[in-house]
2 protein chains.
Amino acid sequence: MKKVRLEDIATKMGVSKTLVSMVLNGYGDKNGIKKETQEKVIAFTRELNYKPNQVARSLRLGRSNTIGLIVADISNAFYAKMARNIEDECNKYGYNLIICSSDEKDAKEASLIRMLKDKQVDGLIISSTLVDNTEIKLMKHDNFPFVLVDRYFPEIPDTNYVVIDNYKSSFKAVKYLIDNGHVNIAMLSISPPHLTSVKDRNKGYFDAIKKGNVNTDHYLHCQIPFEDIEQSVEFYIEKLIKYNQKVTAILTVNQNIALACLKSLKKFKIRIPEDISLITFDDLPVFELLSPSITTISQPLDLISKNAVSILMDEISHKNTRKAKDQIVVPSYFQLRESCKQL
Amino acid sequence: MKKVRLEDIATKMGVSKTLVSMVLNGYGDKNGIKKETQEKVIAFTRELNYKPNQVARSLRLGRSNTIGLIVADISNAFYAKMARNIEDECNKYGYNLIICSSDEKDAKEASLIRMLKDKQVDGLIISSTLVDNTEIKLMKHDNFPFVLVDRYFPEIPDTNYVVIDNYKSSFKAVKYLIDNGHVNIAMLSISPPHLTSVKDRNKGYFDAIKKGNVNTDHYLHCQIPFEDIEQSVEFYIEKLIKYNQKVTAILTVNQNIALACLKSLKKFKIRIPEDISLITFDDLPVFELLSPSITTISQPLDLISKNAVSILMDEISHKNTRKAKDQIVVPSYFQLRESCKQL
DNA sequence: ATGAAAGCGCTAACAG
DNA sequence: CTGTTAGCGCTTTCAT
């Protein structure tokens with residue numbers, strides 16, 4: 001495992017490291033190095049299969065051409081797809097991506113942020129799960145380039161973020177149910193509810209049922225604890241539907257809760273859409289395949305990724321001069337399928 | 001964004017960098033540095049919020065405490081879950097994980113391997129998609145630590161790998177169908193078929209139908225091109241089932257084909273298990289939720305991850321002395337559900 | 001048109 | 001018990 005270094009190829013050619021470095025970085029012409037010499041360098045490089053040591057390069061340059069992505073849960077298809085999209089975008093700009101998963105844990109996310117900064121990534125894209133936003137504030141204070149996706153912090157002004165309009169999306173979905181005659185509409189949301197995405201989705205729901213003049217009893221809104229989705233969903237499904245025949249429609253706040261919901265409904269032999277109508281946030285390939293297929297509020301991952309990376313690149317190249325931060329709201333898509341019944 | 005360096009804290013304290021470095025790396029006692037001094041160093045470090053520059057550290061030490069993972073497709077739930085498992089395992093050993101997705105593309109995988117080596121990762125875990133295995137041979141030749149998962153190269157002897165027994169798993173599934181009276185059993189496999197996992201699954205299928213004395217016509221075995229799964233599956237479903245009423249059971253080689261298969265069956269209004277029985281490789285949470293739920297051959301991701309990381313760690317710490325390579329076959333799990341009918 | 005040398009931040013052999 | 005110093009592999013200023 002004898003690594004070949006810049007020096008090896010320089011001495012073997014009888015020139016200096018400087019020259020080789022210049023040529024390899026495309027500054028050959030700029031420094032007036034003979035075409036002939038340049039070609040020879042390239043040839044040697046290829047022959048010896050020389051690969052610059054990126055660590056040494058990073059140390060010298062103070063940048064790594066790598067950006068970090070922290071998602072809440074990589075085993076969730078939504079984030080996995082996003083990760084792949086973002087990776088592709090980064091590659092277009094010549095950047096590599098390091099993907100990490102915080103598993104919705106505050107401490108892990110904070111430590112990942114530190115770890116990635118220590119590894120000298122040039123910027124960060126984060127779907128944050130943090131209650132304690134110290135690390136975010138710190139990055140902001142240090143002018144460290146970062147973009148939030150999916151979730152943001154209203155209490156920290158002037159940060160870059162890319163999100164969908166959760167409020168409107170939620171409102172629209174619930175309004176659709178109301179327009180189809182539903183009066184007792186439950187929402188299975190998640191707790192802790194400090195995430196803006198969740199808060200906005202909740203608010204959209206509440207405003208829609210108020211405005212729609214339908215049942216606004218607070219028991220219709222359920223908070224599922226993140227650590228115990230399956231059991232809790234089952235509890236609420238049993239309570240809301242089995243013992244309370246009134247509820248005819250459910251909005252779930254994300255795909256994991258939707259899946260748990262499907263499982264419980266199946267267990268209790270409650271039929272969709274005959275007994276209950278269902279709409280969920282986040283689209284999964286399989287939602288289309290189920291019988292009935294599931295109506296979803298789908299997020300444009302490509303747009304989110306493209307915007308996030310483009311903002312980050314801008315941020316990186318104008319680190320200290322870029323004053324205005326981008327706060328982008330991309331449209332969500334209401335994907336109507338078979339899981340809702342008209343009453 | 002003023003970075004605080006080792007030197008800053010050394011001068012501010014009036015000691016040398018060496019001392020600080022020793023203390024911070026836990027060699028304080030070993031070098032007989034006064035408890036008092038050590039505490040002071042720690043205190044200063046914390047106060048100034050000092051974080052060692054990992055890039056400098058990597059350069060100096062020649063290792064990065066980072067390992068790289070290349071999966072065939074991060075947006076595939078199977079690999080996403082595996083990624084998360086492996087990340088957890090790595091963390092236990094104090095290593096960080098960089099996750100990359102080759103998207104089943106030869107060129108991308110090769111370039112990822114190079115990229116990660118350039119970034120000085122200490123080892124690699126790869127679910128390889130390579131036809132051209134030059135990069136693998138190169139790593140082997142260079143004694144670079146790596147472990148293959150999910151797929152391996154029979155033509156390269158003495159490499160570490162962790163896989164399930166694809167042959168047996170496949171054989172068993174088909175035998176189950178035969179035992180339940182099925183005589184015309186199709187397999188939807190994938191092409192190109194150079195991956196060992198696919199080859200072994202195919203062989204298991206063929207041997208089982210031969211031994212079971214059922215229909216062995218070659219048209220029952222279909223090769224779905226990777227780039228065009230949906231259309232191709234639809235084509236075969238139509239051909240095999242709609243126009244050939246004999247086929248009563250299907251084995252699909254992975255979850256993506258299973259999903260496409262479900263989609264087509266739905267489209268043609270072919271019912272599971274009444275009209276057709278289905279078994280697939282790889283388990284998805286949703287397979288349990290479908291009506292009927294889908295019988296699967298499920299891989300023990302936790303075991304695969306644990307073994308792969310543990311082997312890699314061993315490989316890293318005994319880089320040049322470790323002669324024997326580990327070739328681990330972990331058991332798969334036949335998850336019987338409702339998608340198979342007894343004839 | 002090319003090279004010498006400094007230095008990025010850290011660790012570790014060696015000196016004291 | 002603590003400090004000096006060399007050097008990991010690269011880029012870049014300044015000389016020539």
Nearest-Å distance, CG (Leu59(A)) to C1' (dT11(C))? 13 Å
Would you kindly say whether Asn133(A) and Glu155(A) are connected by a side-chain donor-acceptor distance under 3.5 Å? yes
Using 4.0 Å as the upper bound for N to carboxylate O, is an ion pair formed by Glu87(A) and Arg84(A)? no
Just the rounded figure in Å: distance from C1' of dT5(D) to CG of Leu19(B). 16 Å
What's the CG-C1' distance between Asn53(B) and dT11(C), to the nearest Å? 13 Å
Reckon Thr18(B) has a side-chain N or O less than 4.0 Å from the OP1 or OP2 of dT2(D)? no
Measure CD1/Ile9(A) against P/dC10(D) and give the value in whole Å, please. 10 Å
At 4.0 Å (heavy atoms only), tell me whether Gly14(A) reaches a base, stays on the sugar-phosphate, or touches nothing. sugar-phosphate
Taking for Val15(B) and for Arg57(A) the nucleotide of DNA chain D with the nearest heavy atom, the one nearer the 5' end belongs to Val15(B)
Name of the residue among Val41(A), Asn49(A), Leu48(A) meeting side chain to side chain contact (heavy atoms under 4.5 Å, CB included) with Thr45(A): Val41(A)
When all nucleic acid strands are considered with a 4.0 Å heavy-atom cut-off, which category describes Val55(A): base, sugar-phosphate, or nothing? nothing
What's the NZ-P distance between Lys17(B) and dG9(C), to the nearest Å? 10 Å
Rounded interatomic separation in angstrom, taking CG from Asp8(B) and P from dC10(C): 8 Å
Whole Å only: how far is the CG atom of Asp29(A) from the P atom of dT2(C)? 12 Å
Determine: side-chain N/O of Asn25(B) to OP1/OP2 of dT11(C), distance under 4.0 Å, yes or no. yes
Nearest to the side chain of Ser16(B), which nucleotide is it out of dT4(D), dC10(C), dT2(C)? dT4(D)
Rounded to whole angstrom units, what separation is found between the CE atom of Met22(B) and the C1' atom of dT2(D)? 8 Å
Phosphate OP1/OP2 of dC10(C): any Tyr50(B) side-chain N/O under 4.0 Å: yes
Starting at the 5' end of DNA chain C and moving along, which residue's nearest nucleotide shows up first, Thr37(A) or Leu61(A)? Thr37(A)
For the side chain of Lys34(B), counting heavy atoms from C-beta on, which of dT11(C), dT2(D), dC10(D) is nearest? dT2(D)
May I ask you to say what Leu6(B) touches in the nucleic acid, namely base, sugar-phosphate or nothing, with a heavy-atom cut-off under 4.0 Å? base
Among dT11(C), dC10(D), dT2(D), the nucleotide that comes nearest once only the side chain of Arg60(B) is considered: dT11(C)
Nearest atoms (heavy-atom pairs only) where Ala72(B) meets Ser127(B): N-OG, 3.1 Å
Identify which nucleotide among dC10(D), dT2(C), dG9(C) has an atom closest to any side-chain atom of Ile33(A), counting heavy atoms from C-beta outward. dT2(C)
Closest non-hydrogen atoms of Leu69(B) and Ala83(B), given as atom of the first, atom of the second and distance, are CD2-CA, 3.6 Å
